[in-house]
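Scroll down for the structure; my scribbles are underneath it.
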Amino acid sequence: MANLLIKNIEIVTMNEKNDIFVGDIYVEDDLINQIGENLPISHADKVINGKGRTIIPGFVQTHIHLCQTLFRGKADDLELLDWLKKKIWPLEAAHDEESIYYSALLGIGELIQSGTTTIVDMETVHHTDFAFQAIAASGIRALSGKVMMDKGNEVPKNLQENTIESIQKSVDLLEKWNMYDQGRIKYAFSPRFVVSCSEELLKEVSRLSNLYHVYVHTHASENRGEIEIVEYETGMRNVTYLDHLELANERLILAHCVWLDEEEKRIIKEKKVNISHCPGSNLKLASGIANVPNLLDQDISVSLGADGAPCNNNLDMFNEMRLAALIQKPFHGPTAMDAQTVFKMATIGGAKAVGMGNEIGSIEVGKKADLVILNLNDFHTYPMFDVNPISRIVYSATRADVETTIINGKVVMENRIMKTMNKEDVLEGANRSIKRLIKKMPNI
Ligand code: GUN
Ligand code: FE
């Protein structure tokens with residue numbers, strides 16, 4: 001048994017009462033065992049002095065593509081369908097085992113360093129086992145799955161899948177990785193988007209996700225060109241079509257949902273579908289601005305994600321929180337998307353979206369110890385006197401203020417030193433890998 005005591009720290013709990021106070025946190029193995037002032041703990045394997053620091057629940061990002069981290073800076077200033085066809089699909093097609101591994105580690109390093117402790121990740125068609133190996137080694141909490149794509153135009157040959165094969169490969173990965181490390185890793189079926197998937201594939205994903213009780217993670221209604229294709233091919237809009245195939249339920253995560261009609265919103269609300277809002281990606285790909293205040297008014301589950309490195313170009317929750325708040329204010333007024341609302345989406349909201357509202361997303365006894373220690377003692381976060389800590393975190397803090405990250409009771413970064421990966425090796429491996437992929441495709 002390993003235990004950890006964090007002493008004298010400002011605790012932003014995000015519990016029901018939104019309590020914030022200075023106290024101690026005692027962690028036993030993976031769980032928060034006690035919280036209180038001056039806990040009478042005489043011995044701990046490790047003690048962190050939290051004086052002058054702030055501790056928050058680790059961020060939950062509900063839409064990430066670790067396999068795309070290597071493509072950062074390789075696909076700027078394009079709109080979604082061109083971005084996919086001209087850059088992202090050919091690059092994904094060029095991936096090999098080592099490049100997938102380093103792409104994942106590079107992304108996870110950035111996520112851990114910026115305070116994200118749980119992700120919902122979509123991989124590419126091949127080599128997904130190597131992404132799971134990186135996730136396993138890094139200590140991050142993740143729902144992940146291989147992307148499924150058995151349909152579509154201008155898809156590189158290497159990414160074109162046969163329906164049965166796509167399903168079989170997904171199930172094989174599920175059987176190997178779902179519930180790994182006592183559930184730190186979970187499998188999520190990941191059909192790319194309606195444009196890339198046959199009806200037969202989506203129906204089978206619906207059946208299998210019910211059978212195995214796992215999540216389905218896909219993109220929907222991100223871009224107007226995408227919606228035109230879906231309407232032309234199915235006669236329906238994305239969410240209506242997914243519902244028609246019995247995919248709309250509380251285990252579905254839809255990335256984006258920028259362009260929803262009233263019927264789609266009704267389905268999302270009634271069937272308790274989860275939306276992953278990705279403001280950085282939506283702006284950079286010129287997709288649009290999702291009407292998040294309207295969705296939240298209807299009690300729809302909206303959490304946050306950075307999407308992939310080539311459409312953002314960071315995986316930093318501080319960026320996403322700031323954007324999520326600021327982009328709505330010109331339309332909905334200054335009180336829309338206040339700091340508390342946005343911070344909730346980034347923590348407990350994300351936890352609920354992945355079905356783990358009782359396990360992560362807040363600092364409470366009995367929950368998993370997914371904790372992030374911030375040092376808010378700097379020019380850009382001062383003065384602190386009488387300022388709400390959540391305002392400081394959402395509107396002023398940056399990822400550089402993350403000092404220590406703990407996932408599942410394990411310290412994965414301490415005083416900005418990575419504990420589960422060798423940073424130099426990851427940076428070097430990432431560069432070497434992208435160089436090898438680019439060599440295969442001189443026209444990119
Ligand atoms: N739609 C289909 N594939 C993708 C992808 O890789 N990224 C984004 N943002 N949207 C998609
Ligand atoms: Fe995406």
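Start at 1 and go down the list; that is how both ligands and their atoms are numbered. Keep in mind that this is a model prediction, so the values were computed, not measured.
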Just to check, does I88 reach to within less than 4.0 Å of ligand 1 when the distance is taken from its heavy atoms?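 I88: no contact with ligand 1 (<4.0 Å).
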Below 4.0 Å from ligand 1: does a non-hydrogen atom of H256 turn up there or not? yes
What angle, to the nearest 10°, do the atoms NE2 (H65) and NE2 (H219) form about the Fe ion (ligand 2)?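 That angle is 90°.
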How wide is the angle at the Fe ion (ligand 2) spanned by D307 OD1 and H63 NE2, rounded to 10 degrees?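 My answer is 90°, to the nearest 10°.
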Number the atoms of ligand 1 from 1 as they appear, then name those within less than 4.0 Å of a heavy atom of [X], with their elements.
{"X": "E222", "answer": "1 (N), 8 (C), 9 (N), 10 (N), 11 (C)"}
{"X": "W83", "answer": "5 (C), 6 (O), 7 (N), 8 (C)"}
{"X": "L80", "answer": "8 (C), 10 (N), 11 (C)"}

If you measure every N/O of W89 against every N/O of ligand 1, is any gap under 3.5 Å? no
If you measure every N or O of E92 against every N or O of ligand 1, does any of those distances drop under 3.5 Å? no
Does any part of the side chain of L173, heavy atoms only, come nearer than 4.5 Å to the side chain of N178, both counted from C-beta? no
In terms of residue, atom name and distance, what is the protein heavy atom nearest to atom 3 (N) of ligand 1? R192 NE, 2.8 Å
With a 6.0 Å cut-off on the ring centroids, do F59 and F318 count as close? yes
Could you pull out, from E226, H63, H219, the option with a heavy atom nearest to atom 5 (C) of ligand 1? H219
Before accepting this row, confirm whether a basic side-chain N of the pair K146/E161 lies closer than 4.0 Å to the acidic partner's carboxylate O.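 Yes.
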